[in-house]
Each structure stands twice: as structure tokens, then as C-alpha cells.
Visitor: 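This structure is in C-alpha cells; I'll ask about it shortly.
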Amino acid sequence: MRVLCMCKFCLQCRPCPWVKKVNQRQIYNMSTEEQMLLKGNLITCNTEAWQSHPDFFGLQRLGGVDLSYLKEDDTVACASLVVLSYPELEVIYEDCHMVTINAPYVAGYLAFREVPVLVDAIQKLLEKDPCLMPQVLIVDGNGILHHRGFGVACHLGILTDLPCIGVAKNLLQVDGLENNDDHKDQIRKLQNGGDFFNMTGSSGTILGAALKSSSKSTKPIYISAGHKISLETAVRLVHSCCKYRVPEPTRQADIRSREFLCKKTSTANS
DNA sequence: GCGACAG
DNA sequence: ATCTTGTCGC
């Protein structure tokens, strides 16, 4: 695993005492620069042998990550990393711990809020149990379906060097993509679990896909390539690990981080 | 001023 | 992300 960050001002590097000497505008300019710099290393095609197999032969471990925030104070959160066996989808590793979040949530800069603690969790797994390192990570949020083509799934992928898939529950309306009547029509046409359609931005690039992830869900999930995996493979893999609307690795990470946060806050008051 | 706004 | 109950349906 490698960690790249050449930036002295970006949100990821906060809090640095002297960052307070620069204004918000400069912070976002620097964060944008950081995204563009990291984007230079992005790979949005398959790089692993298992990705080409019809049944993902060779794939044994899927990772899921999530953060649950304390409602009273969104600088306090529980970060969770889970690893599931494939194709059984059983949890074989779980790590939940409390973290402090420094960056604010700003659409387009989610990575600066969530990625640092997720990199830490991966680093911890690498030191503690490298045999359990996931072969692909499913990330809450978008990959290249992003204002600057570099969402949280790309960011985490570059920093960890792991294949990453972006899975968002809502459509980020960028590059001409809109949740308009046409889009809603396309969604209505999705019949069965696994049905999907690709979404092409005004720039002509295929940015992602809307997937009906379970047969019962009306609302799709939005898949985009993060790093070291193609959109086609990502859609196929995400569908293969959906018991419900949200893919199982993310769902397990979600459940466990909420529980942990809940338990932590209740014991703190007793 | 207006609309959009991943988590 | 989080607040927040029951209820309708398979």
C-alpha cells in the first residue's frame, strides 16, 4: 500500500496550525489540485485476473467501509471496515473504532472528510492480518461520477492501491446527468434485479450505471468505477453481492458502525 | 437570484 | 450522514 499526498494545504492535511492562515477559497483550490494530482494515477479498467472470470473465480474477499456520525457532533464518528468472504458473503473481519473528523462535508470533497480514517483502517488491517486484505473495496459514494471525475472511491483506491467501486444511493447530478423525467423513465423500465443502464455525461464519457440491485427495490443504486476495475465488472460484481438494495459489504459495515457508535455513546453516559 | 447538494 | 412510527404488502 502506498500513500500519496504532496499537498501542504489540502483538507486531508488539516488540521495544521498554519492552515488557519489561509482562507476557505484557498483550501478548496488546494483540495481540487490534490484531486487532479491523484487523478493522474487513476486506472479505470480491470487489472486483476478474477475480474475477467464469469464467476469471479479467484475472488475470495470483499471489503466494505462506512462511517456513522454522532448526531450531536459530526466531528465524532465510528469508522468501520469489514471483510466478507466471496461468494458466501460472510463477515470474516470486522474493525470498528471511534474517530475524529476534521473536514466539513462539502459535495465534491467528501473524500477529504472520510478517506483519511479509512486509509488508517486499511493500514491497521495490513499490519494485523494481511491475509484478510480485501481484493476489492465497495465504497459509499461515487467514483468517476463526480464533479471533477475523482470521487471518494477513486481517492481511496489511489491511496490504498486497492481496486475500488463507488456505490451511491443518490444520483450526483454532474456533467449534464439529471434526475429528471427521462431518467425516471429509464428507472421505471428496469424490470429485474440486475437490470441497469449506463449513464453518459455531456462530455461523452460513460460515468456510471444505475442498477436495480434487488428485485424488490424501486430506487436504483449508482455504480461508478473507482480504481483498478471497469464499470462493467463493477456492476456485475455489485449485483452479485446484493442480498438487499445496498451491497452486503457496505450494509454490514453500516450496521456495525451504527451499533458500535450506539454502544459507545450509551456506555459513556452510564 | 436560483437550484443543486455523494456522505 | 441524522431525526423518526407505524403501516401496508408479500
Side-chain angles (χ1 to χ4, degrees), chain A residues 11-12 24 28 31-32 35 39 64-81 96 98-119 121 137-157 164-181 183-184 192-193 199 201-202 207-211 213-227 231 234 238 243-247 249-251 253-262 264-266:
Chain A
L11 291 175
Q12 186 175 2
Q24 290 293 79
Y28 289 108
S31 299
T32 300
Q35 289 177 330
K39 189 180 173 182
V65 290
D66 192 51
L67 296 194
S68 291
Y69 294 90
L70 194 59
K71 61 177 192 230
E72 299 86 3
D73 180 359
D74 77 347
T75 66
V76 177
C78 170
S80 79
L81 165 64
C96 292
M98 299 307 295
V99 293
T100 301
I101 303 297
N102 299 301
Y105 170 68
V106 179
Y109 300 93
L110 174 63
F112 294 99
R113 184 166 162 80
E114 302 202 332
V115 157
V117 296
L118 298 179
V119 170
L137 274 180
I138 300 193
V139 183
D140 260 332
N142 293 296
I144 64 166
L145 174 38
H146 178 265
H147 305 71
R148 291 164 296 280
F150 195 76
V152 62
C154 302
H155 207 127
L156 187 57
C164 283
I165 300 171
V167 177
K169 298 171 200 74
N170 295 290
L171 175 63
L172 184 59
Q173 307 192 149
V174 295
D175 193 21
L177 297 183
E178 273 187 288
N179 186 13
N180 53 23
D181 291 342
H183 183 76
K184 287 169 184 159
N192 307 301
M199 300 181 294
S202 306
L207 297 176
L211 169 71
S213 50
S214 81
S215 50
K216 291 176 184 176
S217 61
T218 309
K219 190 175 177 179
I221 55 177
Y222 296 94
I223 318 289
S224 55
H227 186 48
L231 176 62
V238 168
K243 289 184 182 172
Y244 306 101
R245 176 172 176 253
V246 174
T250 305
R251 199 175 144 264
D254 187 13
I255 292 170
R256 284 152 206 263
S257 66
R258 298 161 105 105
E259 249 174 34
F260 190 88
L261 181 66
C262 206
K264 273 294 177 203
T265 54
S266 68

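What's counted below: heavy atoms across the whole structure, side chains too, no hydrogens, waters or symmetry copies. Throughout, a chain's letter reflects where its sequence line sits, starting with A, and its residues are numbered from 1.
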Visitor: Does A:D140 come within less than 4.0 Å of A:K169, counting only side-chain N to carboxylate O?
Guide: yes
Visitor: Give me the atom names and distance for the closest heavy-atom approach of A:N180 to A:H183.
Guide: OD1-N, 2.9 Å
Visitor: Does A:Y28 have its ring centroid less than 6.0 Å away from the ring centroid of A:H147?
Guide: no
Visitor: May I ask you to check whether over 12 heavy atoms, not counting those of A:D181, lie within 6.0 Å of atom CG?
Guide: no
Visitor: Assign the ring pair A:F112 / A:H155 to parallel, tilted or perpendicular, where the plane angle (0 to 90°) is split at 30° and 60°.
Guide: perpendicular
Visitor: Each nucleotide N or O in nucleotides 7-10 of chain C that has a protein N or O under 3.5 Å away: list the pair and distance.
Guide:
none

Visitor: Looking at A:H227 and A:A153, would you say the former's side chain and the latter's main chain have a donor-acceptor pair under 3.5 Å?
Guide: no
Visitor: Whole-Å distance between C:dA1 P and A:R258 CZ?
Guide: 7 Å
Visitor: Is a donor from one side chain sitting under 3.5 angstrom from an acceptor on the other, for A:S213 and A:Y244?
Guide: no
Visitor: Could you run down nucleotides 1-7 of chain B 5' to 3' and tag each one B, S or - for protein heavy-atom contact under 4.0 Å?
Guide: ---SSBB
Visitor: Once rounded to the nearest 0.5 Å, what's the spacing between atom CD1 of A:I165 and atom CG of A:L156?
Guide: 12.5 Å
